[in-house]
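What follows is one structure encoded as structure tokens, with my remarks underneath.
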Amino acid sequence: MYSAISRIMARQIAPSTASPALKMSAVKPRRITGRMFSVQASLPRFPVAPLQQTLDKYLQTLRPLVSDHDFRHAQKLCEDFKTGVGPLLQTKLEERAQKHTNWLSDWWRQVAYLDVRESCVINSNPGVLFPKADFNDLQGQLSYAARLIAGVLDYKVMIDTQILPVEHLGKAPLCMMQYYQILSACRIPGVNTDDWVCFPPDQPNPPRHITIVYNNNFFEVPVYDSENKPLNTTQLRAQLEAVVSQGSSQGPPLGLFTMENRENWARAYKNMCKDEVTKSSLESIQRSIVVICLDQPNPSTPDPRTTSGHQMLHGAGSQLHTGNRWFDKTIQFVVGQDGVSGLNYEHTSAEGPPVIHLMDHCLEYINSGKDWEAAGNAVTPRLLTMNLSHDVENSLNLAKENIDRMVQDLDLKVFTFEEFGKNFPKSQRVSPDSFIQSAIQLAYYRHHRKPVGSYESGSIRMFQLGRTETIRSCSSSSLEFTQAMLDPSQSNQKRAELLRRAINSHKQYTNDAISGKGIDRHFLGLSLIAQENKIELPELFKDPNFVFSKTWRISTSQVPAKSESVLFFGPVCPDGYGFCYNPQEKRILFGISSFKSNDVTLPAAQMCELVADSLRDMRQVMESSVKSSL
Ligand code: COA
């Protein structure tokens, strides 16, 4: 990866007083000049799948999950839907698709993110843990953070000048709009629904500062000089020194608010905004390019990687780092004093891949030794004043209790499976992703002895403004395979045959989902169009089997990275697990979560062991079947 700034010095952008915040539907480049968007207009539109196809596929995915009786009932409801209100809803959805670049994207943003009232932390924002770096004091922390910020600025040039290469999935080019929305962006709490704003680079007077949080104090830190040239590493380091010297005493732990449920936070936010100075401090955070949290060291624990995972996912509570966060910010990096670093991102505008590309660029940049020549002098960092009323202070105390309860309940395990990586499934000519998904199915089945609704995110960025589609990872084939693994009368030859069938079935579903033939977004569209037209929700959507099939007790995502970084998120239902993995050539990094308060699910560490056992056993089954057929 090259240094973008060394090739293109920052464009001169005339300062002006106005700096419009754009809502997401308005965030697009004013002019398309670079290769980043060169294929954007030619990407296909996200289709509305044929009704019959979706219903057939739904029944296929339901089959392993329910009894014969319930399945027959579901078949009847599908038939009723097809001969009843289904075609009307389908026509209305197709009409919407004619009028929108992407019929789903605005709805998705609302229902999947902004309308959700529970905390976005654990439930939505993923955390990412970077490889441990070699420093263990404040000086090392500041040097590392300065290099990290330089890496962000270097990457930002590629976004601003639109020279970022188009991302591909296989051979297919992907929509790049998410890259345009990850910097200078923020979620804003509202009592009924939230907002999300972005200050894109080609609007007048784009943001030229970052936010640094240190000892719960929030600082506006300019990272460009008065000519809009980016500061180099030495200058950024000096800015960080200035922050540390001003922020030695603890500020109020305002970051806790951003982990609150959205309604509580919105009420406190409204109160805070009554004070004009505080309002403008909050706006400074919202406008900033990214937030950088400088954390104190973690207490020593037997499993420091998992401890750091908690630090990235939720800040580890009011007594540790949660007050030193702004979880509404689209991207916030975290750098500890003990060589630990990572990030947390707010999900409204983007999935993992753009964030992970930014991260990989920064991690490569940190160690590259690259830098650019010094800019002119920059304005000194400014402590953002927060005047808090008694009401706000009371809400903050309440927030503390709510947050610590959530933090206590989340069980997480960060671990690396070192015995093989993508290389083994590739050597067997099967998809590594489908292989890992089969291992997760087996791990779950081994303990719970039943198949459940299983979600994997599949990218639909092959379409304009595409986000994700659900890959339903549990299938009749995966169930047959997991049952055979537990059945001592089955030969390894047979198990291997069933495993290959399960893997191929998963791969087929993946290919369908990413090419617009999934079912979950279509069903969502049909139910939202019914709601919009005040048409009663069809019986099919109220059927407990339907609801059961999309209660994701297994919620998974593959987030590959070049670096040995790992992403994680919380389970999406009380008796569920969150599984995230970064498959590398010779190892697989996992982040697995469950809730401690749930007495059905296993502790995350035990689930990790089951996943590792499953991967091992699957390799053994495949290898022994090859040997016996020789
Ligand atoms: N034989 C040999 N090699 C194979 C193979 C086979 N039968 N099938 C696949 N491979 C190879 C691929 O060529 C690829 O090679 P590479 O490592 O050189 O790139 C590798 O194995 C990985 O392929 P696969 O495991 O099948 O996964 P994928 O890369 O196609 O990814 C998804 C599958 C579902 C993860 C992907 O389609 C996707 O949607 N990703 C985005 C998910 C997302 O948005 N997550 C974030 C949520 S926040």
Side-chain angles (χ1 to χ4, degrees), residues 57 60-61 63-65 415 417 419-458 470-487 490-514 518 549 552-560 576-585 587-592 602 606-626:
K57 219 175 232 162
Q60 248 174 47
T61 66
R63 186 55 287 208
L65 300 177
F415 96 112
F417 179 76
E419 291 163 46
F420 58 86
K422 287 195 278 188
N423 54 352
F424 175 70
K426 279 184 186 176
S427 73
Q428 297 292 313
R429 305 212 179 292
V430 295
S431 150
D433 184 66
S434 303
F435 184 89
I436 297 166
Q437 286 289 328
S438 303
I440 293 172
Q441 288 294 317
L442 177 56
Y444 185 93
Y445 193 83
R446 273 188 159 145
H447 180 71
H448 295 280
R449 302 289 163 133
K450 59 176 185 187
V452 285
S454 307
Y455 179 110
E456 179 186 3
S457 354
T470 309
I471 299 166
R472 291 191 170 206
S473 292
C474 178
S475 63
S476 296
S477 311
S478 72
L479 178 59
E480 260 192 282
F481 156 66
T482 52
Q483 285 171 334
M485 289 297 282
L486 270 68
D487 177 354
Q490 293 283 0
S491 67
N492 274 353
Q493 187 75 28
K494 183 68 185 170
R495 287 171 176 162
E497 187 191 314
L498 292 173
L499 171 56
R500 283 183 187 275
R501 205 180 294 161
I503 289 175
N504 292 338
S505 153
H506 177 270
K507 190 64 190 173
Q508 181 58 50
Y509 199 103
T510 300
N511 289 339
D512 284 353
I514 64 178
S549 79
W552 311 118
R553 291 183 169 85
I554 296 180
S555 167
T556 74
S557 189
Q558 178 191 145
V559 183
Y577 298 93
F579 295 87
C580 194
Y581 49 95
N582 169 10
Q584 303 204 318
E585 222 38 50
R587 61 178 63 77
I588 310 169
L589 293 94
F590 284 94
I592 297 184
L602 285 174
Q606 283 182 35
M607 183 43 79
C608 281
E609 281 169 24
L610 286 179
V611 170
D613 288 347
S614 299
L615 288 166
R616 248 177 241 126
D617 293 351
M618 284 162 56
R619 173 164 79 171
Q620 203 247 325
V621 156
M622 275 190 149
E623 282 178 342
S624 64
S625 87
V626 171

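Here the structure is a predicted model, which means the values were calculated and not measured.
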d(R619 CZ, S614 OG) to nearest 0.5 Å is 14.0 Å
What do the steps show when you test R501 against E497 for side chain to side chain contact (heavy atoms under 4.5 Å, CB included), and what is the final call? CA-CA 6 Å; R501 205 180 294 161; E497 187 191 314; 3.2 Å; yes
What heavy-atom pair brings Q437 and S473 nearest, and what distance separates the two atoms? OE1-OG, 2.9 Å
Close side-chain approach of M618 and F424, heavy atoms under 4.5 Å: no
Can you tell me how far the NZ atom of K422 sits from the OG atom of S431, to the nearest 0.5 Å? 10.0 Å
Interatomic spacing from OG1 in T556 to OH in Y455 - rounded to 0.5 Å: 9.0 Å
Any salt bridge between R446 and D613, counting N to O under 4.0 Å? no
Side chain to side chain donor-acceptor pair (under 3.5 Å) for R495 and N492? Distances and angles first, verdict last. CA-CA 5 Å; R495 287 171 176 162; N492 274 353; 3.2 Å; yes
Can you name the side chain to side chain contact (heavy atoms under 4.5 Å, CB included) partners of P451, sequence neighbours left out? L65, Y445, C474, L479
Considering only heavy atoms from C-beta outward, does the side chain of R472 approach that of K57 to under 4.5 Å? no
Could you tell me which non-hydrogen atom of Y444 sits nearest to which non-hydrogen atom of M607, and how far apart they are? CA-CE, 4.1 Å
Name the orientation class of the two ring planes belonging to F590 and F415 (parallel below 30°, tilted from 30 to 60°, perpendicular beyond 60°). parallel
Tightest non-hydrogen contact, residues C580 and V559, listed as SG-CG2, 3.8 Å
Kindly determine whether I436 and V611 satisfy side chain to side chain contact (heavy atoms under 4.5 Å, CB included), including the steps that lead there. CA-CA 9 Å; I436 297 166; V611 170; over 6 Å; no
Please step through side chain to side chain contact (heavy atoms under 4.5 Å, CB included) for the pair K426 and E585, ending with a clear verdict. CA-CA 9 Å; K426 279 184 186 176; E585 222 38 50; 3.4 Å; yes
Criterion side chain to side chain donor-acceptor pair (under 3.5 Å) on R500 and Q428, from CA distance to verdict: CA-CA 10 Å; R500 283 183 187 275; Q428 297 292 313; 3.0 Å; yes
Are any of the side-chain heavy atoms of H447 and L610 separated by less than 4.5 Å? yes
Please find the pair of heavy atoms, one from L498 and one from A484, that lie closest to each other, and give the distance. CD1-CB, 3.5 Å
Intermediate values then yes/no, side chain to side chain contact (heavy atoms under 4.5 Å, CB included), L486 and R449: CA-CA 10 Å; L486 270 68; R449 302 289 163 133; 3.1 Å; yes
Might you point out which heavy atoms bring S438 and L499 nearest each other, and give the distance in Å? CB-CD1, 4.0 Å
Atom pair CD (Q558) and CD1 (I588), whose distance is rounded to the nearest 0.5 Å: 9.5 Å
What distance do T510 atom OG1 and N504 atom CG have between them, rounded to the nearest 0.5 Å? 11.0 Å
Is a donor on one side and an acceptor on the other found under 3.5 Å between the side chain of S557 and the backbone of S555? no
Could you check if a side-chain atom of I503 sits within less than 4.5 angstrom of a side-chain atom of F481, using non-hydrogen atoms only? no
Find the distance between OG (S624) and CD (Q493) and round it off to the nearest 0.5 Å. 8.0 Å
Heavy-atom pair of closest approach, residues Y509 and T61: CE1-CG2, 3.7 Å
Set of residues satisfying side-chain hydrogen bond (donor to acceptor under 3.5 Å, both in side chains) with respect to Q620, sequence neighbours excluded: none
With side chains defined as the heavy atoms from C-beta onward, is the minimum distance between I440 and E456 less than 4.5 Å? no
Mind checking side-chain hydrogen bond (donor to acceptor under 3.5 Å, both in side chains) for R587 and listing every partner two or more places apart, or none if nothing turns up? E418, E564
Given side chain to side chain donor-acceptor pair (under 3.5 Å), test H506 with Q441 step by step and report yes or no. CA-CA 11 Å; H506 177 270; Q441 288 294 317; over 6 Å; no
